Amino acid sequence: MKTDSSVLVIGGGIAGMQASLDLASRGLKVYLVERSPSIGGRMAQLDKTFPTMDCSICIVAPKMIDCLRHPNISLLTYCEVKAVSRSAADFVVQILRKPRFVNETKCTGCGICAQYCPVEIPNEFDMGLGIRKAVYIPLPQAVPLKYTIDEEHCLKCGLCQRVCGTGAVDLKQEPETVTLNVGAIILATGFELFDVRSISEYGYGRHLNVLISLEFERLLSASGPTGGHLLRLSDGRIPRSVAFIQCVGSRSLKGGVPFCSTACCMYATKEAILIREHEPECEVTIFYNELRVFGKGYQDFVNKAKDHRGVKYVRGLPGEIVEDPGTGDLTLWYEDTTENVTKSTKADIVVLCPALVPRATSKDLSALLGLELDEYGFFKAKDRLFAPVDTNVPGIFACGYCQSPKDIPESVGQASAAASRAAEVIALSADKEVH
Amino acid sequence: MRYLLTRRCIRTGQMNQQARRIGVFVCHCGINIGGIVDVPKVVKYALTLPDVVYSEDNLYTCSSEGLNRIKETIRKYDLNRVVVASCTPRTHETLFRATCEEAGLNKYLFEMANIREHCSWAHMDEPDKATEKAKDIVGMTVAKVRLHTPQEEPEIAVVPSTLVIGGGISGMTAALSLAGQGFKVCLVEREPELGGMLRHLHKLYTTMEDASEGLNKIVEAVRQNRDIDIKTSTVVKRVKGFIGNFDVSLQSESGETANLEVGTIIVATGADIFEPAGMYGYGKFENVITQFELEGLLRKGQLEKLGTVVMIQCVGAREEKGRTYCSRICCMTALKNALLVKQMCPEADVYILFRDLQTYGSEYESWHRMAQNEGIKFVKYALEKPPEVVAIRDGKVTLDVYHALLGEQVRIESDLVVLSTPLVQRGDARELSQVLKVPLGPDGFFFEAHVKLRPIDFATDGIYVCGSAHSPKNSAESVSQALGAASRAAIPMAVGRLRTEAITAEVDESLCGGCGTCVKICPYGAIEKDEKGVAKVTAVVCKGCGTCGASCPEKAITMRHFTDEQVMAQAFAAFRRATA
Amino acid sequence: METEPRIVAFLCNWCSYAGADLAGTSRISYPPNVRPIRVMCSGRVDPAFVLNALEMGADGVLVTGCHPGDCHYVSGNLKAEKRMKSTGELLRRLGLRPERLRLEWVSTSEGARFAQIVTDFTKILGEVEPNPLSAGNNAVAILNAEQTVTEALARTNVRYCLECGKCSGSCPISKVKDSYSPRRIVERFLLGFRDRMLSSPDLWNCLTCLTCTERCPSDVRYPEFVKACRRVASKEQMEELCAHKGVTTALSRILTNPSLKQERMDWLPEGAGTSPKGELLYFVGCLPYFDVIFEDFNLKLLNIARSVVGILNKAGIRPVVLDDERCCGHDLLWTGDVENFERLAKMNVAEIRKAGAKRVVTACPECYRTLKKDYAETVSNLDFEVVHISELLSELIDDGKIEYDIDLQRKVVYQDPCRLGRHMNVYEPPRKVIAEIPGIELVEMGRNRENAVCCGVNAWLSCNKYSKAVQLDRLAEAKATGADLLVTACPKCQIHWKCVMSEKLPVRPEDVTIEMRDLTVLAAEAMHSA
Amino acid sequence: MTFEPKIVGFLCNWCSYAGADLAGVSRISYPTSIRIIRLMCSGRVDPVIVLEILASGADGVMVMGCHPGDCHYIEGNLQTERKIKMLKKLIEETGLGPERLRLEWVSASEGGRFADIVKEFTDQIKTLGPSPLSGEKSDPVLLENMQAAKWAAEDFRLRVLVGREKELIDEGNVYGEKTLQEEFDKTMDEAIQAEYTRNRIYLMVKREPQSVKQLAKRLDLDAQKVLRHVVVLRRRGMVTVDRVEETTPIYAALELGK
């Protein structure tokens, strides 16, 4: 087998990392492209993972480091695919390296620059609940641990430049283009969150104590904005009751997306259990329509939440959330559809589980690579049953959420699958060269 | 020290002559540790410990920055032991070991002190005590690392061939992918023909193509493939050896056995359908059948006109006890077959009695809506109030079901009752799990190494799982996982060699009495008695649990890296005051 | 040949009926064309009785009671007097002639007087033309329930219901009547319990406020579904739930008669500028009738019409105002009487075309929705545009055609009427019209715009304890904002709220009583000479 | 000053250690008394090590492993269970009190449970008070008993019995005869008794040569039993006749490790 043949992996989330590691550890060269300054993806933002309750960053950080350290993987963070053309069996890929304004080789990640930077802005990694500087690393365990200046907010005051011990700050840095020849491409661009503002009856954006699940995840996380203390944003009080609402924007023929996001029932259950562990006094209710417990060990996980953790499950989606202008407390109106009565309940915090949708960038990529998207915007499989990770373009494969909704284990498994197919393609082209 | 050295201690007591130079790196982990534990104090304390020549604190020892510090320091102070006091070794040991290696230090001369999970995070309200404990933990670790010796990870060659157990869609897909990557595959199927579950199915959602169609293509491809050796009517009798070099003996129906060497093994044995004997009159009345049997009838076109069809979901699944799990594929199968029935006889009245509809993912919801559009009636029932067969008279089954969402009883007169029963582990799975020494989970399905990040690997290296043997799956999901298994199996084979566990048991022949206790105890069959009647450990099979060492009547077994004196030294360091 | 006028007579049990008896026992003869109906008291006679009698083709209605002071029930007869006066006015405006209704006092001893009255009344009626209305007049639909429901199930997405219950959590009625649940009604239809559903009151409880539709993830258009089912639903339920004995729907049905000559223009103030033909037409709606029917509330609803014309004149526009405008038919449509609705639709469209209007403005959200949406569906190629006054006004403000010149020091809260808001998505123009007024502070209720709560009654159906609860809840919310004026763009909101405010309240009155004003009236107040 | 117990906890790498991690990750606090030692498997815990640690003054020892069935090494934890059973009996003999030793199953997801157990055990130890073997001068008799126990635990017989328990009960002996659990337990108890007593005898005669009678008195056993043990000890070459006073042989200990 030709070992110098290389593969381009787009997306540095868990799926992208797994595919890269599989390919690299079998001796293939991998270019891992990530548009944000650090790899790690969504999983790095999570507090725990169901059903094992592993600390998410604890199990994903080693994988991130593995990617960084693997001799066969070159990390292209803060980069984007700009153009792709074909030459024989190979793809010729143009990668745009966005200016970090910090010299990656010089930066030691000491963080002095950030200490002195006068600009404070909401931290995307903490879903805007925490703050970061204009020169920043998205998360403490960032890989690579190199700072980035976000041009949009930077005042160009030059303070960072003055304090940087290694002279790594370079405000004149220009974007550059890298050209790669690869034998195969794997897409693992993941998902983004549906904007639940449009579902106005839940008042996200108007009511301070209505959060979306990923924000809440950060709120629970020990490395999050409250240092892992479960507090209400409106008044810093410890909540006595938290309600989760499923399917916000998903399974909708109107004002949302028609499909099921697949992971919400379980991560809500996980977050519910976490609340009970943080604050045993806090009442937790999950409003759902259909419990999606089809995964391995999921039903048992839910049973545990119900029977041992005292998490309350109500079948029925609330119609509206009314905020008490004085206290910021929330009233949910809902029908318990198994009791057939409409009633209201109070909650200190309401967590909305938004639809997880394919990234907007999937469109651009599909245009760039000549890929078909399905009606929902996921990368379309060549054969849904027998070639699930193949796309309509030979040599290009998709895995993880960008291919269709799935949870972490499935994404990891599918990442390996994509790796396998990529390896086949390369083996094939190698054979061709032989003959 | 007060305690008497045991016999073994006396013998191995005087090792590590060469002067020890230990470096201790204490991590603040941002504020995770530094916020509670007085890290500088710990550093100062570390410097008072025997053989510690250097100590420092880092904001994040695991950052590339911190790792570089370690490497530099190892060189600068020519350290020959390293301790990192930070988080749990379960996630970060490999990282730091690798770092030591890069600095030319044998990675087994490294040890971690977990002062985050086990200290700062657990004792946030008692900073002083936490600091004391952190000091102890560091002390204990230093005490252990002092006695560490370099360990070698023997390198072994990997036979570039795979044994795939199970000739269903998963097994065949894995086989084809591996063959496509240039490896030899032996595909073992216990039935006389390939195909597995798909042979019995009618149409596949969501493409609605005939199962046979897709299946035949794949079977053909497998047959045509020179690199795949198909063995039907064959089972795996015995597996010895280890990753890279499993030697497998197969037995065919006719009884003759064949042996072969493979580097990796993929378990793709699929699953069985649960037989709902006695439930809803199944087995007593011919118009109460399983969803699986319906597939058959549809396939053979043996369904004449139907008035009312009732499908009951979760029959024998998602139970209070026993089969608590959801079988994942039944809801979509029911939807698909309900639609087929509607197609066949549009005037038929089709009910689906469900608990929670599992139409997950991108396109299944649209199937649910398709069914709604076709006027298929959905009735939600609760676990506590399952449907009841109240009468069966002249070919009609009368069911009472409490419609949980209406809060009232609904009576249905039906001509055909279809029970959706879960996939269950095969009867012979336990046997196979023992042959392969891989575990089954509480639900009876094969149990992977890590539910989240290693869904396809077994804890035992070189053995992988895919398809419904792992948990119920439809064909698309099985194919995807099978490809994944192929990738995992290909890794060691593509590289051709691999390093194995260094933390293994070691028998001191002079002490071994050959009682064979260890042979019996070892869960991996890693110990055998040699011709001299003395126990011998097959290092590459040994997983290093140490049970044998702890049980050896002659105390003839040493556990590398967890020797008695290392463990005890650690324990005594725990009460420096008591024993100093 | 000349037919005898048919008279329906309501006789009070204690005086008049006895009087009629006496006439008989005294062998005093009088015309045979009278059909007596005994009621305990003349006060029992509801305007609806009168309208229904006329609608069924009676040429005259005679109401007789005890002489003032003699009433067996103290003052029932005085109530009757007041009521019959306004009913008479109603008849006048309808073009049905007030002479057809006659109220007389007949005591037990006045047998002769009774005979005399009947004779006179017959004579008078003989002189006026016969009642243009007749029982055969009304259109009646013959529909296949099965088919109608199935068709509705498909058209309104009801089949996609996921049973999530979001509708119940949104429905104002469910909140006060916890057993009421749109999705459960839907589920019953889906499971085939059709007849049971068509005969249940649930169908008539829906406010058709569209809150559920707004929020339903499966895009189930429940109110539309209900609307369709009401066509084939049993009408007994409806009649039971009908407010004001159905006087308003009777009114609408009567107005389907082409030969009526209404007298509806006399609200126009001196010197108000209107034109018989022109670009812009102001569709007044039922205000002239409501003005009479609800005069007790003293809401001066016709001021809305006067303000519209006033403001338009100020902007230099002389709108067309139709003297033969008919009811838009909204209530008929939503109570399932599509046939009579269509008649009204056709007549109105014809009139509007006759006037050559390119643009029709309404100050009533119901007329607005009905003309813009439902007429478009009934009458092909509607060749005029329909706008709501708020849209027109904010347009005029933008063009500087009108400006406010009076500073109103008021804190105002605005109610989005269902028909204007959720039905037609008009949220901002009304707010603009208010906010532009100098000195006005516009505040919002927590639930506003698409989340606004209905005024509690629609199409004069099921005005009951539940709708009252809805109304009080909403009024309390408005009050809680600290506003001193509740502005709405729908005259009906005012009627329903005024009604609940003037009742004996289960809550502290000061928590729910608030001054109300129509959007247009408020705007006019802020302009001199408008 | 208040008594702060010193507890050593042996945690298996896969479940219990992870459980302890989770306790930390979930910020569930528990007493600082415990000092954790990570082993790959609870099966690695050698009875001798436990005794050594108790002997050297630990107030308590906890052994934690995966729940039965979850063992990463298939059934290492079941071996542990047998060892602990044996240990508790031995410790009982010494008079230290078996409640200073505790075996628990803690899974990777049971952070809370881990914390609870540590807390509970710590309280239990607090009520028991400091180990009589901790601190500077500790009861020499008890210490000698521990030594005896240690040697007993080190002895072939007990170790092989523990090691073979499963086999003997599930698979049967070389003749394929299965042993009943209670039958086995009886044998086990006797063996523990015997071996422990023998090691005590050895230690006693090591201190000063003495006669069966004297030993019997000190051990408060009847002379016959003692004699039988002495005979065995002689056969094992641990004891020899030092001298004979009149007709009474006086026994002395031989040095071991030759």
Side-chain angles (χ1 to χ4, degrees), chain B residues 1-4 6-7 10 87-90 114 116-126 129-130 132-133 136-137 140 144 437 439 442 459 503 513 515 517-518 520-521 523-524 543-555 559 562 564 567-568 570-575 578-579, chain D residues 4 6 8 10 13 17-18 20-30 32 34-41 43-49 52-53 55-58 69 71-76 79-80 83 115 134-135 143 147 150 154-160 162-164 166-167 256-257:
Chain B
M1 283 197 249
R2 187 197 272 142
Y3 80 105
L4 256 83
T6 64
R7 276 177 284 170
I10 297 161
C87 50
T88 173
R90 290 175 59 255
N114 184 350
R116 190 178 73 179
E117 281 83 350
H118 291 183
C119 192
S120 65
W121 279 353
H123 312 305
M124 294 182 124
D125 327 327
E126 308 173 280
K129 285 187 179 178
E132 280 311 298
K133 182 174 179 180
D136 277 0
I137 295 173
M140 291 161 72
K144 179 162 191 278
K437 304 200 183 65
I503 304 175
C515 68
T517 307
C518 51
K520 286 286 177 190
I521 278 178
Y524 299 95
K543 293 257 156 238
C545 64
T547 310
C548 54
S551 315
C552 172
E554 301 286 6
K555 297 191 111 307
M559 278 317 302
F562 285 93
D564 290 0
V567 172
M568 262 187 265
Q570 212 174 338
F572 289 119
F575 5 27
T579 56
Chain D
E4 291 292 341
K6 279 277 185 184
V8 173
F10 290 105
N13 177 57
Y17 194 90
D21 283 353
L22 180 57
V25 173
S26 329
R27 309 293 190 280
I28 308 171
S29 65
Y30 52 85
T32 53
I34 189 167
R35 297 289 177 271
I36 293 166
I37 294 177
R38 178 172 69 120
L39 300 171
M40 295 316 278
C41 178
R44 170 70 185 88
V45 176
D46 189 315
V48 181
I49 296 182
E52 290 283 11
I53 292 169
S56 57
C71 180
H72 184 80
Y73 303 102
I74 300 163
E75 55 182 33
Q79 289 296 339
T80 321
K83 294 200 181 78
S134 66
L143 199 52
Q147 185 60 62
K150 225 176 330 177
E154 231 179 291
D155 181 87
F156 180 87
R157 182 152 162 239
L158 294 189
R159 297 178 75 85
V160 85
V162 174
R164 292 296 177 96
K166 178 177 187 294
E167 183 191 352
L256 292 180

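Just so it is clear, the model here is predicted, and its values are computed rather than measured. Numbered from 1 within each chain, the chains take letters A, B, ... in sequence-line order.
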How far apart are the closest heavy atoms of D:I36 and B:Q570, and which atoms are they?
O-NE2, 4.4 Å

Report the option among D:L158, D:L39, D:I49, D:I53 that has the most heavy-atom pairs separated by less than 4.5 Å from atoms of chain B.
D:I49

When you measure from the side chain of D:R159 to the backbone N and O of B:C552, does any donor-acceptor pair fall under 3.5 Å?
yes

So which heavy atom on D:Y17 is nearest to which on B:P89, and how close?
OH-CD, 3.4 Å

Restricting to non-hydrogen atoms, name the atom on B:A574 and the atom on D:K6 that form the minimum distance, rounded to 0.1 Å.
O-NZ, 3.2 Å

Can you give me the closest heavy-atom contact between B:E117 and D:Y30, atom names plus distance?
O-OH, 4.4 Å

Part of D:R38 within contact of chain B (heavy atom distance under 4.5 Å):
both

Looking only at atom types and distance, does a side-chain atom of B:H123 sit under 3.5 Å from a main-chain N or O of D:S29, one as donor and one as acceptor?
no

Any donor-acceptor N/O pair, D:R44 side chain to B:F562 backbone, under 3.5 Å:
yes

Do the side chains of D:E4 and B:K129 get nearer than 4.5 Å, heavy atoms only?
yes

Roughly how far apart are B:T517 OG1 and D:E167 CD, rounded to 0.5 Å?
8.0 Å

Restricting to non-hydrogen atoms, name the atom on B:A550 and the atom on D:V45 that form the minimum distance, rounded to 0.1 Å.
CB-O, 3.7 Å

Counting heavy-atom pairs under 4.5 Å with chain B, the top scorer among D:V8, D:V162, D:I34 is D:I34

Over all heavy atoms of both residues, which pair between D:G76 and B:T547 is shortest? Give the atoms and the distance, please.
CA-OG1, 4.0 Å

Answer key: most heavy-atom pairs under 4.5 Å with chain B among D:R157, D:Q79, D:R35, D:M40 is D:R35

Measuring heavy-atom distances to chain B, does D:K83 have an atom under 4.5 Å in its side chain, in its backbone, in both, or in neither?
side chain

Test your reading of the model: is there a side-chain donor-acceptor pair from B:K520 to the backbone of D:R164, 3.5 Å cut-off?
no

